[in-house]
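What you see below is based on every heavy atom in this structure, not just the backbone, and it leaves out hydrogens, waters and symmetry mates. Keep in mind that what you see is a predicted model, and the values were worked out from it rather than measured. The sequence lines fix the lettering, A, B, ..., with proteins before strands; numbering per chain opens at 1.
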There are 2 protein chains.
Amino acid sequence: MVRAKVTIERLVNAAAELTDEVGFDQLTVSALARRLDVRDASLYSHVRNVQDLRMRLAALALTELADRVAEALAGRAGKDALVAFGNAYRDYAKAHPGRYAAAQIEIDPESPAGSAARRHAELTRAILRGYALAEPAQTDAVRFLHSTLHGYVSLERAGGFRHHPRTADDSWRRSLDALDAVLTTWPPD
Amino acid sequence: MVRAKVTIERLVNAAAELTDEVGFDQLTVSALARRLDVRDASLYSHVRNVQDLRMRLAALALTELADRVAEALAGRAGKDALVAFGNAYRDYAKAHPGRYAAAQIEIDPESPAGSAARRHAELTRAILRGYALAEPAQTDAVRFLHSTLHGYVSLERAGGFRHHPRTADDSWRRSLDALDAVLTTWPPD
DNA sequence: GAGATAACCTAGAGGCCCTAGGCAGGAGGG
DNA sequence: CCCTCCTGCCTAGGGCCTCTAGGTTATCTC
């Protein structure tokens with residue numbers, strides 16, 4: 001019999017493709033086993049349980065996202081960097097909805113996903129260098145920025161912007177303008 | 001035998017309590033049946049399926065949220081209204097995490113939940129009256145506002161703000177200040 | 001070629017969703 | 001007061017999912 005040669009890498013990659021097709025909450029061990037042409041029980045030698053699988057997927061997604069953001073940010077500063085960051089973020093969520101959802105689960109800082117999450121946080125903070133904000137305003141601004149971007153893509157995905165003629169793309173551009181404006185003139189206490 | 005007298009109202013209320021305790025994705029027909037001291041199959045005469053249950057919960061949550069927001073907005077305008085709106089929103093999410101998650105699912109505009117969602121959208125738009133924005137800037141601003149608020153509470157719930165000494169409350173206040181500032185000086189095209 | 005190991009298998013228990021069909025308690029009519 | 005009907009709840013059962021235990025086979029190493 002020919003062995004399927006499932007490795008943990010192939011398994012997680014297949015899970016990433018699957019979750020983008022069916023949604024993160026529909027990612028099951030059974031469905032993944034079917035896709036790999038293997039019995040479901042066989043996967044439990046690679047993965048502890050379904051939680052473990054999801055955590056690994058979160059780590060993959062956070063790493064991929066951080067890579068794309070890092071690439072988008074290279075050589076840019078100020079508003080240019082902000083727009084590149086936002087677009088990298090939104091494009092990833094559009095291209096890989098399942099992985100994006102995976103990246104939002106609660107992360108144990110000690111886990112391998114934790115370091116990817118930290119890297120992500122550092123990149124977000126890097127954008128704000130162009131806006132010269134001191135602590136604690138910098139932390140507040142990071143949270144504000146992250147909230148707006150994440151909120152936008154998550155509402156857009158949930159279909160919240162579909163019942164209106166104004167396109168999500170147009171509002172997105174104006175939202176980035178607004179973010180740039182508010183970061184530039186971050187209100188003093 | 002004493003009948004449990006499950007009505008659709010009692011059922012949805014029990015589901016709301018349950019989901020706040022265990023999370024929206026852990027809301028199952030079985031668990032709800034156990035809580036109502038009834039067999040799971042019995043609930044299918046009240047509810048078509050688990051999707052139907054979730055949709056009814058979404059309708060409940062959207063209605064409750066709209067009620068609270070409407071109350072918070074009464075007699076307020078401008079930044080005062082913005083802060084009240086934001087706090088009503090965030091407080092609801094804190095007090096009722098499961099219901100808040102339920103309110104985020106994709107809503108069919110034709111369903112009863114659709115009218116609650118529309119009412120919600122109108123209330124959001126009402127806030128912007130104090131900021132005198134014409135279309136399409138108004139729609140962009142509504143989306144921006146909603147994105148930031150939803151993004152903030154959802155990241156806060158996911159634990160994204162826990163790995164830093166700056167409190168989520170402090171950043172929240174500053175985020176509302178920033179929102180007020182950006183709505184006041186909404187950047188022209 | 002003989003372990004040793006890794007990868008896969010079957011069997012099975014338990015949980016959840018949902019359908020089909022049966023039984024009993026309470027309401028209304030005769 | 002009794003009969004009937006309806007509603008609310010029941011049991012039985014199939015299908016899918018998670019996960020464990022323990023057995024089998026392919027491949028790697030010596």
Side-chain angles (χ1 to χ4, degrees), chain A residues 1-60 97-99 101-102 105-106 108 111 113, chain B residues 1-60 97-99 101-102 105-106 108 111 113:
Chain A
M1 189 210 291
V2 176
R3 287 291 164 114
K5 271 264 191 190
V6 171
T7 63
I8 183 67
E9 286 80 15
R10 282 197 56 220
L11 189 156
V12 173
N13 284 331
E17 289 175 17
L18 178 60
T19 198
D20 283 340
E21 291 167 19
V22 303
F24 186 56
D25 49 339
Q26 298 298 318
L27 173 68
T28 68
V29 175
S30 314
L32 182 56
R34 275 194 295 277
R35 165 168 297 228
L36 293 167
D37 204 34
V38 145
R39 302 282 128 160
D40 57 351
S42 305
L43 296 188
Y44 287 92
S45 52
H46 300 283
V47 149
R48 197 192 313 269
N49 52 33
V50 74
Q51 245 64 40
D52 183 29
L53 176 63
R54 285 165 195 232
M55 192 59 87
R56 286 171 192 271
L57 209 51
L60 172 75
R99 298 176 214 204
I105 64 172
E106 196 160 350
D108 174 11
S111 71
Chain B
M1 187 210 293
V2 175
R3 288 295 166 110
K5 271 265 192 191
V6 171
T7 63
I8 183 65
E9 285 81 16
R10 282 198 56 219
L11 189 154
V12 173
N13 284 331
E17 289 174 17
L18 179 60
T19 197
D20 283 340
E21 291 167 19
V22 302
F24 186 56
D25 50 338
Q26 298 298 318
L27 173 67
T28 67
V29 175
S30 315
L32 182 56
R34 276 193 294 275
R35 165 168 295 230
L36 292 167
D37 205 33
V38 145
R39 303 280 129 162
D40 56 351
S42 304
L43 297 187
Y44 288 93
S45 52
H46 299 284
V47 149
R48 195 191 314 268
N49 52 33
V50 74
Q51 245 66 38
D52 183 29
L53 176 62
R54 286 166 193 232
M55 191 61 87
R56 285 171 192 272
L57 208 51
L60 172 75
R99 297 176 215 205
I105 64 173
E106 195 159 352
D108 174 12
S111 71

Sugar-phosphate or base contact per nucleotide [nucleotides 17-23 of chain D; S, B, -; heavy atom under 4.0 Å]: SBBB---
Could you state the [atom1]-[atom2] distance from [X] to [N], rounded to the nearest angstrom?
{"X": "B:Ile8", "N": "D:dG8", "atom1": "CD1", "atom2": "C1'", "value": "13 Å"}
{"X": "A:Arg39", "N": "D:dT24", "atom1": "CZ", "atom2": "P", "value": "18 Å"}
{"X": "B:Leu32", "N": "C:dG15", "atom1": "CG", "atom2": "C1'", "value": "16 Å"}
{"X": "A:Gln26", "N": "C:dC16", "atom1": "CD", "atom2": "C1'", "value": "14 Å"}
{"X": "B:Asp52", "N": "C:dT19", "atom1": "CG", "atom2": "P", "value": "11 Å"}

Just to confirm, is there a sub-4.0 Å distance from OP1 or OP2 of [N] to any side-chain nitrogen or oxygen of [X]?
{"X": "B:His46", "N": "D:dT7", "answer": "no"}
{"X": "A:Ser45", "N": "C:dA7", "answer": "no"}
{"X": "B:Ser42", "N": "D:dC10", "answer": "yes"}

Any residue meeting salt bridge (charged side-chain N to carboxylate O under 4.0 Å, His left out) with B:Arg34, in chain and number order, not counting sequence neighbours: none
Counterpart residues, salt bridge (charged side-chain N to carboxylate O under 4.0 Å, His left out), relative to A:Asp25 (two or more places apart): none
Spacing of CD belonging to B:Glu21 relative to CD belonging to B:Glu17, to within rounding of 0.5 Å: 7.0 Å
Pairs meeting criterion salt bridge (Lys or Arg N to Asp or Glu O under 4.0 Å) with involvement of residues 40-55 of chain A, two or more places apart: A:Asp52-A:Arg56
Results of side chain to side chain contact (heavy atoms under 4.5 Å, CB included) for A:Ala15 - residues two or more places apart only: A:Leu27, A:Leu32, A:Leu53, A:Leu57
Listed partners of A:Ser45 passing side chain to side chain contact (heavy atoms under 4.5 Å, CB included), at least two apart: none
